[in-house]
Amino acid sequence: MKRQCLFQQTRLQLAAWYAGVMGCILGLCGFGVYQTVAHAYRETVDQALESVAIALQGSLVPILQHPKQLRQVAQQLSLKLCQPECSSHSALSTRQISIGVAPISYYLRLSRYPNVPVAIAGLSLDQLPLTSNKVRWLTLKTSSGESFRQVSLPLQAENQTWGYLQVGRSLIDLDQHLDALLFTMLMGFPVALVIIGGSSWWLAGLAMQPIYRSYQQMGQFTANAAHELRTPIAAMQATIEATLIQSSVDLPESSFIITLKRQTLRLSQLVKDLLLLARLEQQETVNYAACCLNDLVDDLIEELAFLSVAAQVTLKAQVQASEPVEVWGNAVQVYRLVSNLIDNAIRSTPAGGSVIVSLDQSENAAIVEVRDTGIGIAPEDQRYLFDRFYRVQPDRSLQTGGSGLGLPIAQGIVQAHQGSIEVQSQLGQGSRFIVRLPLFYP
């Protein structure tokens with residue numbers, strides 16, 4: 001179960017990264033496409049508007065000094081001549097200017113220098129005031145919010161600047177096209193993201209398969225090696241015991257054999273720990289029954305009292321639950337879980353410190369907390385605490401700890417019992433290991 005959970009989390013993280021990266025790329029590509037299409041639309045509009053303005057400029061320049069011809073052209077283009085001035089409230093022709101183009105709203109302004117309107121069509125001055133000709137291209141908005149693109153061209157008469165011509169066209173069609181494109185892209189992006197997410201999950205599964213097989217082989221090898229080592233280690237222990245019993249062994253040789261016996265016992269314990277980890281990974285729920293944590297904590301306080309006395313550390317229990325706290329699980333494994341936490345706390349606490357084992361319960365969980373006043377654990381080490389063979393202190397002496405399998409075994413037992421374990425620690429201020437196990441309801 002632990003292995004499955006680990007690989008599912010890794011697969012989910014890979015899929016999330018794949019989907020996130022592809023989503024960002026897709027979003028950037030969509031933004032680029034939108035900007036490219038919008039730029040192409042604007043360029044097309046500007047080119048068409050400039051062509052219309054140049055054509056009108058070419059038609060107006062020869063007749064600027066002939067008022068009668070100008071009046072005829074004004075009638076053809078639905079222009080209102082400003083005589084003497086263009087009133088913003090005057091009735092203007094609302095027809096579109098017939099200039100041989102698509103039926104799009106245009107407006108036209110003919111002005112003399114410095115800024116005197118001569119003729120206008122399409123929009124009244126109160127809708128869109130007359131602007132200066134200093135800027136060739138402008139994007140303007142009417143009071144109703146409609147956007148117009150305007151181009152200003154100078155008008156020459158008898159080698160002198162007579163005035164300027166302003167031609168504008170509505171951008172409502174451009175805005176509608178861009179809004180439709182944006183809507184399509186926004187609606188299509190979630191669909192594409194879902195497809196990318198599914199593909200990422202599938203690809204992450206394919207990528208994880210070789211790693212999963214290697215992990216299975218490594219775990220199987222560890223279990224098989226530990227199992228095979230039990231027999232020769234047991235034979236070595238029996239031989240050492242028999243040798244010590246023989247009266248013919250003198251004292252110096254006995255000291256060597258005692259050292260060998262101690263190291264053999266340590267190796268035997270290491271093999272047992274590896275086998276236990278292998279069983280925990282396989283989620284072998286054997287011998288599960290109701291387990292009373294009150295009795296378990298009392299037994300451990302009594303059993304580990306000698307270790308705390310030797311380390312000059314105060315060890316005590318605080319049972320805060322008013323009723324017996326029971327969990328469903330393997331009593332031996334739960335005993336080993338709490339024992340490992342207390343043993344680690346005693347070993348990491350200097351002389352004169354204290355270790356407190358608290359027992360409480362919430363609505364659905366039993367809470368076992370082991371708190372010490374020891375050296376604490378650095379934040380960079382906390383993420384590796386539950387890795388196999390990892391030790392905060394680099395030495396491997398019996399005084400400061402065992403092989404580095406205590407906390408991985410504790411985590412494996414907690415996960416096998418559908419619980420959780422967390423650590424809270426600061427350097428120089430001690431550590432707190434909090435275990436939560438589901439309560440047993442008869």
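Residues: numbered from 1 along the sequence shown.
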Check your understanding: Salt bridge check: are Glu146 and Lys141 linked by an N-O gap of less than 4.0 Å?
Key -> no

Review point. Is it true that Arg136 and Glu50 make a salt bridge, defined as a side-chain N closer than 4.0 Å to a carboxylate O?
Key: yes

Review point. Considering residues, nucleotides and ligands other than Trp137, do more than 12 of their heavy atoms fall under 6.0 Å from its CH2?
Key: yes

Review point. How about Glu422: does its CD atom have over 12 heavy atoms from other parts shown lying under 6.0 Å from it?
Key: yes

Review point. Listed by chain and number, what are the side-chain hydrogen bond (donor to acceptor under 3.5 Å, both in side chains) partners of Gln320, not counting sequence neighbours?
Key: none

**Study point:** For Asp381, all residues meeting side-chain hydrogen bond (donor to acceptor under 3.5 Å, both in side chains), sequence neighbours excluded
**Key:** Tyr390

Check your understanding: Just checking, is any N or O donor in the side chain of Tyr107 or Gln150 under 3.5 Å from an acceptor N or O on the other one?
Key -> yes

Exercise for review: Let me know which of Thr349, Asn344, Asp343 forms a side-chain hydrogen bond (donor to acceptor under 3.5 Å, both in side chains) with Arg347.
Suggested key: Asp343

Would you be so kind as to tabulate the donor-acceptor pairs closer than 3.5 Å made by side chains of residues 27-47, with sequence neighbours excluded?
residue : atom : partner : partner atom : Å
Thr36   : OG1  : Gly32   : O            : 2.7
Thr44   : OG1  : Ala40   : O            : 2.9
Asp46   : OD1  : Arg149  : NE           : 2.9
Asp46   : OD2  : Arg149  : NH2          : 3.3

Check your understanding: Quick one: are Ile434 and Gln424 in side-chain contact, heavy atoms under 4.5 Å?
Key -> yes

Using atom types as modelled and distance alone, determine if a side-chain donor or acceptor of [X] lies under 3.5 Å from a backbone N or O of [Y].
{"X": "Asn340", "Y": "Gly406", "value": "yes"}
{"X": "Gln382", "Y": "Ser425", "value": "yes"}
{"X": "Asp372", "Y": "Val355", "value": "no"}

Practice item. Could you label the plane-to-plane angle of the Phe386 and Phe433 rings as parallel, tilted or perpendicular, counting under 30° as parallel and over 60° as perpendicular? Key: perpendicular

